[in-house]
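These figures come from a predicted structure and were not determined experimentally. Positions are given from 1, in the same order as the sequence printed here. In listed order, ligands and their atoms are each counted from 1.
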Amino acid sequence: MKSSAARARRVALVLAAAVLAAGCANAPSALRTAGPAAGSIAVLWWILLGLGTAVFVAVTGYLLLAALRQPPPDGPRSLVGADERFIAMWGIAIPAVILLVVLVLTIRTGAVTYRPPSEPELTVEVIGHQFWWEVRYPDAGATVVTANEIHVPAGRPVRLVLESADVIHSFWVPELHGKMDQIPGRSNVFWIEADEPGEYRGICAEFCGIQHAQMHFLLIASPEDEFATWLAAQAEEPEDAEAAGVAAGQEVFVQANCIACHAVRGLREPTDVGPDLTHFASRRTLAAGMQENTRENLRAWIRNPHQTKPGTRMPATPLPDDELEALLDYLEALR
Ligand code: CUA
C-alpha cells in the first residue's frame, strides 16, 4: 500500500518535471541570443559560469582532501597541512584576482550594452500598465498606438522610451537585451536591436501585481520595407463601420461602454485606461500575450475577462448573444 503510494508520487513528479521542461522549451532564453546586447551579456554569463565552476571544483576538491587526509599525530592540526603562504595565495590573492577580472568584465559589458552601436533613427515608447503594454510610435505622428506587440525593423538599433502608468514594471526581451525598469513618473531611455527578422517574446521582469507573470508582449522584427508597410497601415484610420457592414457592432461598442476605456481612432480620442483598439484585429494575441487573438477567445474574454486573467481591470460585459456577435464583427473589422 505504502509502496504504491510512493510509486504514484514518483510518477507524478516525473510527469510534473516533463510538463515543466516542455514549458521551458518554449520560454525565451537569454542564452539563445539574437541581438548584439544580449550577445555581450551571454558571453559574460558563460565566463561567470566558467569561473564559478572552477572555484566550486577547487573548493570541493580541497574539502574532500581535507576530509580524507589524516592529520599528522603530533604536527599542527591544520586541515591540509596549510601554512600562511597557502592561505595568502588561495584565500586572498586568487579570489582578489578573480573578483577583479569579474569587475572589469562586468563594467565592460555594462558599457558596451549601455549605448547602441549606432544612433537609433526610430523611437518607440513603451508604457507599462497593470497588466499590459502600451506601444507608441511618436516618429509616425502621435497617432500610431498599439498594445502588447512591438514592431521594429531588424538589423538596426531602436530607441525605447520606457515609462509606467501605475507601478514599477520591467521591460525584458531576453533574446535581445537585458532588463530595464519602467518607473512611474520617469522616462528610462533604452535600446534594442534584433540581428535578424523574427518574433521574440517579451516579459515583465518586476513583480507588479497579481498578473505579473502573465504580462507578456511580442517583439516582431521585420525587414525594413515590411516594417514601413506595417507602420503606414497602423497610421491609417480603420475602415468606416458603415462601409465595412459592422455599424451595429460599433453601436454596441458605444452603448456597452467599451468606449469609456478603449480608443478607436475616428471614434474615440486616446485614453490611457485600456489598450487602443484602432487596429485591434491586426494583433496576434489577446490579454497581453496570454491567448491567440481568435473570435472564440475574444468572445470568452469579453464575457468574463477575469476567468482568463484574474486581476485585470477590464470588467465583465454581459451582452445578449446577437449584440456580442455584432461587437465581435466590429472588433474583427478593425484591421
Ligand atoms: Cu508588469 Cu510585472
Subject >> Residue pairs involving residues 291-315 (criterion salt bridge (charged side-chain N to carboxylate O under 4.0 Å, His left out); sequence neighbours excluded) >> reply: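 Sorted result for residues 291-315: R295-E325, R295-D329, R295-E332, R299-E325, R303-D321.
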**OP:** Could you tell me which residues satisfy side chain to side chain donor-acceptor pair (under 3.5 Å) with N304, sequence neighbours excluded, listed by chain and number?
**Re:**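 In terms of side chain to side chain donor-acceptor pair (under 3.5 Å), with neighbours along the sequence ignored, N304 is linked to no residue.
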Original post:
For D240, what residues pass the side chain to side chain donor-acceptor pair (under 3.5 Å) criterion, not counting sequence neighbours?
Top reply: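 Scan of D240 (side chain to side chain donor-acceptor pair (under 3.5 Å), adjacent residues dropped) gives none.
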**OP:** Keeping waters out of it, list the protein N, O or S atoms under 2.8 Å from atom 1 (Cu) of ligand 1.
**Re:**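 Sorted hits: H169 ND1, C204 SG, C208 SG, M215 SD.
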Original post:
Any salt bridge between E121 and R159, counting N to O under 4.0 Å?
Top reply: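 Looking at E121 and R159, the cut-off is not met.
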Original post:
How far does CZ of R283 sit from OG1 of T278, to the nearest 0.5 angstrom?
Top reply: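 Between R283 CZ and T278 OG1, I get 8.0 Å after rounding to 0.5 Å.
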Original post:
Does the side chain of I192 reach to within under 4.5 Å of the side chain of V124, using non-hydrogen atoms?
Top reply: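 I192 vs V124: side chains apart.
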